[in-house]
Every structure is written in structure tokens, then in C-alpha cells.
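Letters A, B, ... mirror the listed sequences (proteins, then strands); counts begin at 1.
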There are 2 protein chains.
Amino acid sequence: MGLEAAPGALEAEEIQARGFGRVREAHAAELLEDYAELIDDLVRDGGQARATEIARRLGVSHVTAVKAVARLEREGLAVSQPHRGVKLTEEGAALAAHARARHRLVLDLLLALGVPAEDAKADAEGIEHHVSPATLAAFARFLKGK
Amino acid sequence: MGLEAAPGALEAEEIQARGFGRVREAHAAELLEDYAELIDDLVRDGGQARATEIARRLGVSHVTAVKAVARLEREGLAVSQPHRGVKLTEEGAALAAHARARHRLVLDLLLALGVPAEDAKADAEGIEHHVSPATLAAFARFLKGK
DNA sequence: ATTTGCTTGTAGCCAAGGCTACATTAACCC
DNA sequence: GGGTTAATGTAGCCTTGGCTACAAGCAAAT
Ligand SMILES: [Mn+2]
Ligand SMILES: [Mn+2]
Ligand SMILES: [Mn+2]
Ligand SMILES: [Mn+2]
């Protein structure tokens with residue numbers, strides 16, 4: 001195969017590098033999105049979000065959860081008082097709403113394609129963070145038109 | 001809403017925690033899969049995979065690429081000689097083949113759903129690592145039956 | 001055979017996201 | 001009120017995956 005300056009080759013490489021870059025960005029944002037969504041869930045149907053419960057839901061130690069909550073606070077997404085649970089700021093709530101809608105749509109698509117519910121839930125938890133607006137729109141079109 | 005032992009609630013929380021755990025595992029495996037696939041690509045149509053080229057394709061510094069290649073070697077997936085490029089071991093090649101097939105299927109699904117090619121490529125780069133065998137099978141069924 | 005320039009290697013730094021072990025504090029029950 | 005239990009906080013450690021800056025190596029051209 002021609003190795004020398006195949007037409008469009010440079011461009012293809014750049015697209016690839018951009019793709020990897022987007023994956024790295026998604027991973028950096030991921031933890032914040034998952035925590036925001038989870039805190040919102042817990043507050044919704046329990047009135048409060050305690051560190052230990054967050055940890056249990058995520059399957060991590062309470063120390064890990066506490067450090068992550070500290071990061072949310074640093075980034076202005078949440079506030080917490082000792083022994084009083086965590087609450088989302090307005091910005092955090094907006095992030096949670098956005099994350100939840102996207103997550104829901106991804107899950108619905110998987111279910112519509114016939115993926116068993118348990119697998120669909122587990123996979124959606126990762127996939128949601130890698131779905132661009134364009135892809136999300138395509139998912140929505142498919143679900144509507146099905 | 002009832003907070004006390006809603007039926008199936010415990011189970012749902014465990015499923016959620018398992019989902020997050022699977023995401024963490026996927027992320028730990030991700031780098032190895034991407035590197036294996038990329039090295040395989042480069043060897044296929046260039047005869048060799050040099051650290052600098054790997055770095056360029058991934059959009060990272062050469063130091064990052066070199067360290068990652070060292071990790072591949074540590075894990076028995078690749079071998080490299082100084083100034084002679086990187087080669088996959090049998091195990092590495094198997095991983096690359098698996099990753100490539102899955103990646104391809106994910107990309108094809110996105111394209112089939114009408115996602116623009118550039119977005120599809122970028123998103124597939126992240127999504128591929130979160131697709132369980134069950135989901136992959138559902139994607140294949142959809143593509144066949146479409 | 002030198003120079004020059006890309007490629008590779010090394011040192012040392014950083015933040016994120018995990019963990020265990022131990023200390024402190026709050027809540028609850030008696 | 002005191003004791004017990006559970007939640008929270010703190011200290012300190014680890015690995016991963018990034019980076020910059022500088023050193024060394026190789027190859028190609030003059
Ligand atoms: Mn989510
Ligand atoms: Mn998630
Ligand atoms: Mn990938
Ligand atoms: Mn991911």
C-alpha cells in the first residue's frame with residue numbers, strides 16, 4: 001500500500017488524534033457527571049446525600065467518595081457541611097440534569113436494540129460520557145422513528 | 001416516597017455499583033487496547049511502529065507514548081528494541097484483533113444510525129471500551145437486520 | 001568525517017483516583 | 001448522662017497517565 005502522502009492521510013491522522021483527545025476530556029469530566037447525577041438521585045428520593053451512601057452506590061471506599069465530593073466543591077458544583085450531607089449548587093444541578101437526560105437516552109437506545117437490562121445499565125454508565133451531541137441526536141431520531 | 005426497603009431496591013443498588021466497577025475496569029484496560037490496535041495499524045501499513053509516530057497519532061508527548069509502550073512490554077503484549085520500533089507479541093496481536101473487531105462494529109453502528117463520520121469516529125474511540133459482549137451482539141443483530 | 005536534525009531516552013514534576021489504618025464525632029438507646 | 005455504633009475526617013501510601021526540559025544516539029547530507 002502507498003505509504004507516501006496518501007490523499008487525505010494527514011487529515012485522517014488528525015481526526016484520529018482529535019478523537020483520542022476527546023476521549024481524554026470525557027474521562028476528565030466523567031467523575032463529576034456521575035457524582036452530580038448520583039447526588040441528585042439521592043436527594044430526590046431520600047432528601048439527602050451522605051458520603052457513605054454515595055460510596056456504597058459507586059462501589060468505592062468512603063474516603064474516595066469524600067475526596068471526590070471535595071473536588072465537586074472546589075469546582076463549584078456542590079456544597080457540603082460536616083455530617084449534613086452534600087447538596088448541588090445551581091451549576092451542579094444543571095450538570096446533573098444534562099447528564100441524566102443523556103444517560104437515559106443512551107440506556108433507552110441499548111434497550112431498544114435488545115440489550116438485556118442489566119448489561120444495558122452497566123454499559124450505559126460508561127458509554128454516556130462518550131456520546132457527542134451529534135450521536136445523541138441520532139439516537140433520539142432512531143428511538144422516535146422506531 | 002418509601003425509603004424503607006423498597007422491593008428490589010437493594011438489588012438495584014448492587015447493579016449500579018457493579019456498573020460503575022465495570023466502567024473502572026474498562027478504563028484500566030483501555031490504554032492497552034488502544035495502543036495494541038494502533039501499533040498493529042502502523043505495522044500493517046508502514047512495516048514498523050515508532051514511538052514518535054504512536055505519540056503523534058494519539059496526540060500525546062513522545063514521553064507518554066514511551067511510558068505506555070513500557071507498560072505494554074511489562075504486561076507481555078509487546079516487545080521493542082531501541083531505535084527499531086515496537087512489535088506486538090502473540091498475546092498483543094490477539095488483543096489488537098479483538099479490539100479492532102469491536103471498534104469496527106461500534107463505528108458501523110454509529111454510521112448506520114446516521115452519525116456524521118467524524119463524530120462517529122471520535123465517539124467510537126471511547127464507546128468501544130464500554131461495550132459488553134451482550135451489547136456487541138445486539139449491535140451485530142441490528143446491522144445484519146437493517 | 002562533521003555537522004545537523006530527528007528520534008529516543010531519562011529525570012523529575014504534577015493531579016487524579018484509588019486504597020488502608022486510625023482518629024474523631026455524632027446519634028441513638030438505655 | 002454514658003456507652004455503643006455508625007458516619008465522617010485525616011494521614012499517608014500507591015499507580016496511572018499526563019507533562020517539560022534536557023541528554024544521548026543515529027542517520028543522512030555535505
Ligand atoms: Mn450517568
Ligand atoms: Mn457514568
Ligand atoms: Mn479507544
Ligand atoms: Mn470511558
Side-chain angles (χ1 to χ4, degrees), chain A residues 17-36 38-39 42-43 46-75 77-87 125-126 129, chain B residues 3-4 13 17-39 42-43 46-75 77-87 125-126 129:
Chain A
R18 249 205 313 276
F20 283 117
R22 269 161 70 164
V23 172
R24 288 191 295 269
E25 279 166 30
H27 286 163
E30 171 159 355
L31 179 130
L32 298 174
E33 293 171 354
D34 284 338
Y35 271 78
L38 177 54
I39 290 168
L42 292 172
V43 169
Q48 52 179 4
R50 316 300 290 278
T52 301
E53 181 61 18
I54 294 171
R56 207 170 64 81
R57 295 285 194 105
L58 286 164
V60 297
S61 77
H62 82 276
V63 183
T64 296
V66 164
K67 282 209 329 187
V69 168
R71 190 181 150 205
L72 264 81
E73 296 200 57
R74 236 188 299 141
E75 310 219 0
L77 299 170
V79 288
S80 75
Q81 292 137 318
H83 294 270
R84 281 276 192 85
V86 191
K87 281 187 310 185
E125 195 58 73
H129 309 282
Chain B
L3 308 184
E4 297 283 323
E13 291 163 23
R18 249 205 312 274
F20 283 117
R22 267 160 70 164
V23 172
R24 288 190 295 269
E25 280 166 30
H27 286 164
E30 170 159 356
L31 179 131
L32 298 174
E33 293 171 355
D34 284 337
Y35 272 78
E37 198 183 339
L38 177 54
I39 290 167
L42 291 173
V43 169
Q48 53 179 3
R50 315 302 288 278
T52 300
E53 181 61 17
I54 294 172
R56 207 170 64 82
R57 294 285 193 105
L58 286 164
V60 296
S61 76
H62 82 274
V63 182
T64 296
V66 164
K67 281 209 328 190
V69 167
R71 190 179 150 207
L72 265 80
E73 295 199 59
R74 237 189 298 138
E75 310 217 1
L77 298 170
V79 289
S80 75
Q81 293 136 318
H83 295 267
R84 281 276 192 84
V86 190
K87 281 187 311 183
E125 195 59 74
H129 308 282

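- Contact detail for A/I54 and A/A65: the closest heavy-atom pair is CG2-CB, 4.2 Å.
- Nearest-nucleotide mapping onto DNA chain D: of B/H27 and A/G85, the residue sitting toward the 5' end is A/G85.
- Dashed line: the shortest gap from a side-chain N or O of B/T64 to OP1 or OP2 of D/dG17 is not under 4.0 Å.
- Taking 4.0 Å as the cut-off between side-chain N and carboxylate O, B/E125 and A/R22 do not count as a salt-bridged pair.
- Inter-residue side-chain proximity for A/E73 and A/V86 is flagged as unmet; no heavy-atom pair is nearer than 4.5 Å.
- For the pair A/E75 CD and C/dA16 P, the computed distance is 8 Å after rounding to whole Å.
- Checking side-chain atoms of A/R57 against main-chain N and O of A/T52 turns up no donor-acceptor pair under 3.5 Å.
- To the nearest angstrom, C1' of C/dG17 lies 16 Å from CD of B/E25.
- Nearest nucleotide to the B/S61 side chain, out of C/dA16, C/dG18, D/dT20: D/dT20.
- Atom-to-atom, CD1 of B/I54 to C1' of C/dT8 comes out at 12 Å; the value is rounded to the nearest Å.
- A stacking contact between A/H83 and D/dT8 is absent: the pair does not combine a ring-centre distance of less than 5.5 Å to the base's six-membered ring with planes differing by less than 30°.
- Atom CZ of B/F20 and atom C1' of C/dG18 are 16 Å apart (whole Å).
- Closest-nucleotide positions on DNA chain C for A/G59 and B/E53 were compared, and the one nearer the 5' end corresponds to B/E53.
- One atom, NZ of A/K67, and another, C1' of C/dC19, lie 9 Å apart when rounded to the nearest Å.
- Toward the 5' end of DNA chain D, the nearer of the two residues B/H62 and B/A28, judged by each one's closest nucleotide, is B/A28.
- Rounded to whole Å, the distance from CD on B/Q48 to P on D/dC26 is 15 Å.
- Side-chain N/O atoms of B/T52 include none lying less than 4.0 angstrom from OP1 or OP2 on C/dC6.
- Look at CZ on A/R56: it is 10 Å from P on D/dA7, rounded to the nearest Å.
- Annotation: B/H27 is in aromatic contact with A/H27 [ring centroid separation under 6.0 Å].
- Contacts of A/R74 with the nucleic acid, taken as non-hydrogen atoms under 4.0 Å apart, involve only primed sugar atoms and P, OP1 or OP2.
- Taking atom CZ of residue B/R24 and atom P of nucleotide C/dC19, one finds them 7 Å apart after rounding to whole Å.
- Of all nucleotides listed (C/dA11, C/dG17, D/dA7), C/dA11 comes nearest to the side chain of B/V63.
- Closest to the side chain of B/L31, out of D/dT8, C/dT7, D/dG17, is D/dG17.
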